[in-house]
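What follows is a short report on a single structure.
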Protein chains: 2
Amino acid sequence: MHDKMNHELNPRISADCVIFGFDLNTLNVLLIERETVVGLDTYKALPGDLIFEDEPLDTAANRVLNELTGLEDIYLEQVGAFGDPDRLSKPQDRAWLKAVRQDPDARVITIGYYSLVGMNNYVPQPASFARAATWIPIEEIGELAFDHREILDGALKKLKEKLTVQPIGFNLLPEKFTLSQLHRLYEAILGVELDKRNFRRKMLKMDILESLEERQEGVPHKPSQFYKFNEQKYHDLLKTGFDNFGF
Amino acid sequence: MHDKMNHELNPRISADCVIFGFDLNTLNVLLIERETVVGLDTYKALPGDLIFEDEPLDTAANRVLNELTGLEDIYLEQVGAFGDPDRLSKPQDRAWLKAVRQDPDARVITIGYYSLVGMNNYVPQPASFARAATWIPIEEIGELAFDHREILDGALKKLKEKLTVQPIGFNLLPEKFTLSQLHRLYEAILGVELDKRNFRRKMLKMDILESLEERQEGVPHKPSQFYKFNEQKYHDLLKTGFDNFGF
DNA sequence: GACCTTTGTGTCAAAAATACACTTTGCGAA
DNA sequence: TTCGCAAAGTGTATTTTTGACACAAAGGTC
C-alpha cells in the first residue's frame, strides 16, 4: 500500500461476447455494426458493454448479450481479461466512446466470453443503439473495434483447443444433423481438411451419436442419414474416459 | 446506455498470482501468510494486489509478484477473471481490507495468473507488509483468503491441461535433473501414477532432452543419470508437430 | 437413361499405447 | 567382506489407434 494509493486504478469493466454460429457451411460470428459518428461508414464490434455494480461477471455477459442481440440463457465460457491501457485509443473508437459514454476517458478492462449457438435456431434482433447484430462469416471479418479482433482470435483458439480435446460443437448444429454437416463443422472450426472416412469412424466410435431412421429428402444426390446427439452418453463419457489423455 | 448509467460499476482491479514450485518431491505453491487483524492467527493468501492506472495487466501481475515475493521476470499465464461481488465478504477478509485498503468496500475484480518456477533457484523474500511468502505443499493448503482457493484450483486445472498437451514443467526443475525427478513432477501435477518405463520411453522419444555425462553421487542406490532440457529442439518441435492432436 | 453430385463404406500398414518383472549399482550395516 | 536395501534402468508382446486410399450406391436433373 503506502505510497501507491494515488496510483490506484479506478477503471470500468465490460464484457464482450464472441458468439459463434454455423450455417451448415461456414463458421460465423455475431457482430454489431455501428455507425461511425462522423457519418456514413459503419464499423464492426463484438456485442459488449459495461457491467453493473454488484453484478457477477457471467451474469453481466449474459445480460449485455441479451440487450444487444436478444440471445438468452447462453452458456458463456471465459476467454480471459483484456486490459491494455491503450485498447480504446484508436481515433474511431474514441469518437464513438465520446458520443456514448459518460466518462469516455476512463480505462476499461474487458472480460471476453465465447459461446456456440445454432444459427438456424436464432435470428438476431437488432437492439436500440446497435445498428444491427448480424452473422458475419469468419473469413470475412477484418478489423474490429477496440481490441475485439484480439478477443475473437483468443476465443477461436480456445474453441479449437476444446474441440480437439472433447466433442463439443453440437450446440452449433440443429437437433438433427448429418455426419457430413458435423464433418464440415469440424473443418470450419479447425481450418483444416479431415479425411471423411477417418472422421466418421472416430466420431461413431465415441458412441455419443444416435442414428435416426430419418434421411434427407429432396436433395439431388444420395440422401444423407440424420443423427442426433446423445447427451446422456456424452456426460457418461466425460466422467470416465476423457481425463486420461497423453498418459 | 440510457438509464443504466447510475448502475455502472466503479471497481478496483487486482492481480493474484499462483506460483507453482517443485522440491523434487511434491508440488508447492507460494503463499503469503498474513496476520489476522484480531491477533495471533495467520491466514494464507495468494500474492496479489491492486493494479495501477495505465498499467498493463501482465505488467501489474509481475510487479505485484515482485513486491510481495521478490520474484522477477516470470512468465505468467492468465487463469481468468474472478469477479463475484461477494468474493471479499468473509469476515476475516473484511477485517483485513479495512485495515489496509483506502476504500475497503469497493468491489474488486481480480485477474488470476499462474507460473512455474524452480524452488531451488529461488528462496522467497518476505516483503514489507506480508508476514512471509512461503512455499506450501499443495496437499496441505486448505482454505485461503477471499476466493483464492478457487483461483488456485483454476490454475492447477490449466496447468494439468497444458502438461498433457505439451511438455512444460522444465521451469520447475533445476537445470540438471534426472528422469525420475521429471517423472515425479508429472505425477505430482497430474495427481496420478504413471508407468515408469512408458513414461521414459515417451519422454525420450520427444527428443527434447539431452543426456549429460554426469550422474548422481552419494546416493545409497544406483546413481541416476542427469539430463538437461534442450530449448532449441523444444521450440522446433512446437512449430511443427504440436498443432495436430486429435485429428 | 445418361449424367451429376454427394453419401457411405473397408482394408492394410505403421505408429502408439499398455501391461508387465528382473538386473544393476552403490551405499550402509552387520 | 558380504548381505541387504533402495532406486535406476531396461525390452517385449499385445492391443489400439492412426492414416492413407478408391469405388459403388442413391437420387435428382436434363
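Just so it is clear: chains get the letters A, B, ... in the order the sequence lines come, proteins before strands, and each one is counted from 1. All values derive from a computational prediction rather than experimental measurement.
Counting only distance, with no hydrogens or angles, the side chain of Gln181(A) and the backbone of Thr178(A) share a donor-acceptor pair below 3.5 Å.
dA19(C) atom P lies 12 Å from atom CD of Glu193(B), rounded to whole Å. In this structure, Glu187(A) atom CD and dT6(C) atom P are separated by 14 Å, rounded to whole Å. Computed from coordinates, the Gln181(B) CD to dA8(D) P distance equals 9 Å when rounded to whole Å. Taking atom CG of residue Leu194(B) and atom P of nucleotide dA19(C), one finds them 12 Å apart after rounding to whole Å. We find that CG of Leu179(A) is positioned 13 Å from C1' of dT6(C), with the value rounded to whole Å. dG9(D) atom P lies 15 Å from atom CE of Met203(B), rounded to whole Å. With rounding to whole Å, Met206(A) atom CE is found 13 Å from dT18(D) atom C1'.
Annotation: the span from Asp153(B) atom CG to Ile141(B) atom CD1 amounts to 9.5 Å, rounded to 0.5 Å. From Leu46(B), atom CG reaches atom OG1 of Thr69(B) across 12.0 Å, with rounding to the nearest 0.5 Å. Residue Met203(A) holds its CE atom at 7.0 Å from CG of Leu209(A), rounded to the nearest 0.5 Å.
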Audit row: Glu150(A), Arg87(A), salt bridge (Lys or Arg N to Asp or Glu O under 4.0 Å) steps and yes/no | CA-CA 10 Å; Glu150(A) 194 186 334; Arg87(A) 59 181 291 271; over 6 Å; no
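Applying the side-chain contact (heavy atoms from CB on, under 4.5 Å) test between Phe170(A) and each of Leu116(A), Ile208(A), Asn230(A) identifies Ile208(A) as the sole match.
The side-chain heavy atoms of Gln232(A) and Tyr234(A), taken from C-beta on, include no pair separated by under 4.5 Å.
Contacts between residues 214-225 of chain A and DNA chain D, counted as heavy-atom distances below 4.0 Å, involve Val219(A), Pro220(A), His221(A), Lys222(A), Pro223(A).
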Report, as a single string ordered 5' to 3', how protein heavy atoms within less than 4.0 Å touch nucleotides 9-16 of chain C: B base, S sugar-phosphate only, - not at all.
-> BB------
Enumerate, atom names and distances included, each donor-acceptor pair closer than 3.5 Å involving a side-chain atom of residues 15-25 of chain A, sequence neighbours excluded.
from	atom 1	to	atom 2	distance (Å)
Asp16(A)	OD2	Thr110(A)	OG1	2.7
Asp16(A)	OD2	His148(A)	NE2	3.3
Asp23(A)	OD1	Asn25(A)	N	2.9
Asp23(A)	OD1	Thr26(A)	N	2.7

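Considering only side-chain N and O atoms, Ser180(B) lies nowhere under 4.0 angstrom from the phosphate OP1 or OP2 of dA7(D).
Ion pairing between Arg149(B) and Glu143(B) fails under the 4.0 Å rule for side-chain N and carboxylate O.
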